[in-house]
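Throughout, protein chains are lettered first and strands after them, A, B, ... in sequence-line order, and every chain is numbered starting at 1.
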Protein chains: 2
Amino acid sequence: MCQSRQQAGRTAVPTTNNTSRISQRRKAAIAEGGPEYAAKRAKLVQTAAVVFREKGYTTATLNDVAERFGTDRASLYYYVGSKEDLLYECISTVLDANLEQGRRIAAGPGTVREKLTELVTLTLKSYEEHYPYAFVYIQEDMSHIAGRSTEWAEELVGKTHEFERLAFDLVSAGIQAGEFRSDLPTGLVTNGLFGMMNWTHRWFVPGHSKHDAAEIAGTFLSIFLDGMART
Amino acid sequence: MCQSRQQAGRTAVPTTNNTSRISQRRKAAIAEGGPEYAAKRAKLVQTAAVVFREKGYTTATLNDVAERFGTDRASLYYYVGSKEDLLYECISTVLDANLEQGRRIAAGPGTVREKLTELVTLTLKSYEEHYPYAFVYIQEDMSHIAGRSTEWAEELVGKTHEFERLAFDLVSAGIQAGEFRSDLPTGLVTNGLFGMMNWTHRWFVPGHSKHDAAEIAGTFLSIFLDGMART
DNA sequence: CCTACCGATCGGTAGG
DNA sequence: CCTACCGATCGGTAGG
């Protein structure tokens, strides 16, 4: 794709020029914490999520985002420092929410089956609630997006792994406790569960599909929990 | 990302200029059917598949492909008419193979469980065998890639739906025959199965992963078939 | 002086 | 098959 001259160069310096006048004004506006500014910034991120969902992150241009936002492309830089900033904002919101709830479920009371039921339901309801942010999160493979391991990409990949680990540990505990069958590799089982959940982004459009998140979660859980039951 | 002027325009005419000198020479070479030419063209498609897998189709440039192929970007047009041609070649090979085998399985003898076992095993072994073509097929969402409904995109989407329909009909037949439980929506069940299979592209690297296609297929089938069993 | 931008253009690269 | 380019557009920044 088209790269900025900073990326095109051989240096590994940050992509964004953080000393430009517009970036200084952006930082000042963020520091001030005006509620109007914050609201308009959040609205911009939402607009970006809609456009990224429609066209894909790399194919979508900042001009597409600006047009939908009803402003000029150059004006976006009053709110964000780069296109990647927009992607980060889209993803981190839903990811942080999922992770916090996931940790709470894992640490809470209940059997493995109950906790997995909560975790799967949370994931699909979060997808429904945080659409299209959640779509962008699943669609955009971080390892493909970030050419090199930037700090923010590593953070998002790390948090994704932590969430997956919550499920893996629950499956593992279920096998240990004798709730689940023990003849299948735990990693493959967990990957299969996430496959059912994450592939929804290709066919589930909240508000426009035949079934809602609760029904989808229920169906997947029926298959998974019965399929994993000790015979 | 950067779009060609044909796409940027409002017309629905083909992207490629098929009257250019290089395209006429390409057609002549294809018509002649020289084995050397065909072999080098196939090698180019394979190189493209490797690059598309690494960077993603839109992010990858023809210069990336040419560099890996050991030639100039402009020279690629002696073998293919456009970047989209390379994507089509990558995908149609694996898709046609899967569809042909899938039809044979569906039309053949056996119970629903036996046929689904064959279909899932075929899909994962095909992924393993046709990697990285198969990765590109799953990764690149056709509805995102083709801005408008081009002929080749429609063909690939149609064939994908036909393959999915084979599985849907098998699940449906299994419910009718009393082999499967009847309390879950057939569409969601089928989507869950394809989710398990297709999400492999995010974590399964043939030859570099802990488990092979047969083990993955066996694990998914154990969960799915036991989970779908009539209680 | 501030805010929220605009019109114009930068260096580079896209597919062809 | 390369050299030499095109019309268009990229993400990002300049001054006002």
Side-chain angles (χ1 to χ4, degrees), chain A residues 1-10 13-41 43-44 48 51 55 57-67 69-87 147, chain B residues 1-10 13-26 28-29 34 36-37 40-41 44 48 55 57-67 69-87 147:
Chain A
M1 69 175 300
C2 301
Q3 298 179 307
S4 71
R5 57 174 174 267
Q6 285 85 354
Q7 287 175 317
R10 292 297 168 194
V13 294
T15 305
T16 314
N17 177 6
N18 284 314
T19 59
S20 67
R21 273 187 61 216
I22 188 73
S23 86
Q24 290 181 331
R25 295 213 276 155
R26 180 178 65 250
K27 282 174 183 169
I30 291 172
E32 201 177 331
E36 247 181 274
Y37 179 86
K40 193 153 186 186
R41 188 177 192 274
K43 181 74 185 157
L44 169 60
V51 175
K55 298 199 161 194
Y57 172 71
T58 50
T59 304
T61 70
L62 285 179
N63 202 40
D64 295 330
V65 176
E67 205 172 286
F69 195 55
T71 185
D72 186 86
R73 179 169 49 86
S75 305
L76 302 183
Y77 290 87
Y78 183 55
Y79 301 102
V80 289
S82 66
K83 191 187 182 189
E84 286 190 343
D85 272 10
L86 281 171
L87 181 63
Chain B
M1 72 170 302
C2 304
Q3 297 182 309
S4 70
R5 57 174 173 265
Q6 284 85 355
Q7 286 175 318
R10 293 294 167 194
V13 294
T15 306
T16 315
N17 176 6
N18 284 313
T19 59
S20 66
R21 271 185 60 216
I22 188 73
S23 85
Q24 291 181 331
R25 295 215 277 152
R26 179 178 66 250
E36 246 180 275
Y37 178 87
K40 192 153 186 186
R41 187 176 193 277
L44 170 60
K55 298 200 161 193
Y57 172 71
T58 49
T59 305
T61 70
L62 287 179
N63 202 40
D64 294 330
V65 176
E67 205 172 286
F69 194 55
T71 185
D72 187 86
R73 177 169 49 87
S75 306
L76 303 183
Y77 289 87
Y78 183 54
Y79 300 102
V80 289
S82 67
K83 191 187 182 189
E84 286 190 342
D85 272 10
L86 282 171
L87 181 63

Counting side-chain heavy atoms from C-beta on, which of [options] comes nearest to [X]?
X	options	result
A:Arg25	C:dG15, D:dG12, C:dA4	C:dA4
B:Leu62	D:dG11, C:dG15, C:dC5	C:dG15
A:Arg21	D:dT3, D:dG11, D:dG16	D:dG16
A:Ala74	D:dT13, C:dC5, D:dA4	D:dT13

[X] side-chain N/O to [N] phosphate OP1/OP2 under 4.0 Å:
X	N	result
A:Tyr78	C:dC5	no
A:Lys40	C:dC5	yes
A:Tyr79	C:dC5	yes
B:Ser82	C:dG15	no
A:Ser75	C:dC6	yes

Query raised in the report: How is A:Glu36 classified with respect to the nucleic acid when contacts are heavy atoms under 4.0 Å: base, sugar-phosphate, or nothing?
Result: nothing

Requested in this report: Test A:Thr61 against A:Val51 for side chain to side chain contact (heavy atoms under 4.5 Å, CB included), laying out the working first.
Outcome: CA-CA 9 Å; A:Thr61 70; A:Val51 175; over 6 Å; no

From [atom1] of [X] over to [atom2] of [N], roughly how many Å is that when rounded to an integer?
X	N	atom1	atom2	result
A:Ile22	D:dG16	CD1	C1'	12 Å
A:Lys27	C:dT3	NZ	C1'	19 Å
B:Lys83	C:dG16	NZ	P	9 Å
A:Arg73	D:dT9	CZ	C1'	9 Å
A:Arg26	D:dG12	CZ	P	10 Å
A:Lys55	D:dT9	NZ	P	11 Å
A:Leu86	D:dG11	CG	C1'	12 Å
A:Glu84	D:dG12	CD	P	8 Å

Requested in this report: Kindly write out the residues that satisfy ring-ring contact (aromatic ring centres under 6.0 Å, His included) with B:Tyr78, not counting sequence neighbours, or none if the list is empty.
Outcome: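 With neighbours one apart ignored, the set is B:Tyr37.
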
Could you pull out the closest heavy-atom pair between [X] and [Y], with the gap in Å?
X	Y	answer
B:Lys83	B:Tyr57	NZ-O, 2.8 Å
B:Val80	B:Arg41	CG1-NH2, 3.8 Å
B:Leu76	B:Leu62	CD1-O, 3.5 Å
A:Tyr77	A:Arg26	O-NH1, 2.8 Å

Requested in this report: Write down the distance separating the C1' atoms in D:dA8 and C:dG12, rounded off to the nearest Å.
Outcome: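 D:dA8 and C:dG12 have their C1' atoms separated by 13 Å.
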
Report task. Would you confirm whether B:Asp64, through its side chain, and B:Ala60, through its main-chain N or O, come within 3.5 Å as a donor-acceptor pair? Result -> no

Query - CD-NZ distance between A:Gln24 and A:Lys27, expressed to the nearest 0.5 angstrom - result: 7.5 Å

Query raised in the report: Pairing of DNA chain D as dot-bracket, 5' to 3': ( ) intra-strand, [ ] crossing, | other strand, . unpaired, with Watson-Crick or G-U pairs under 3.5 Å?
Result: ....||.|.||.|.||

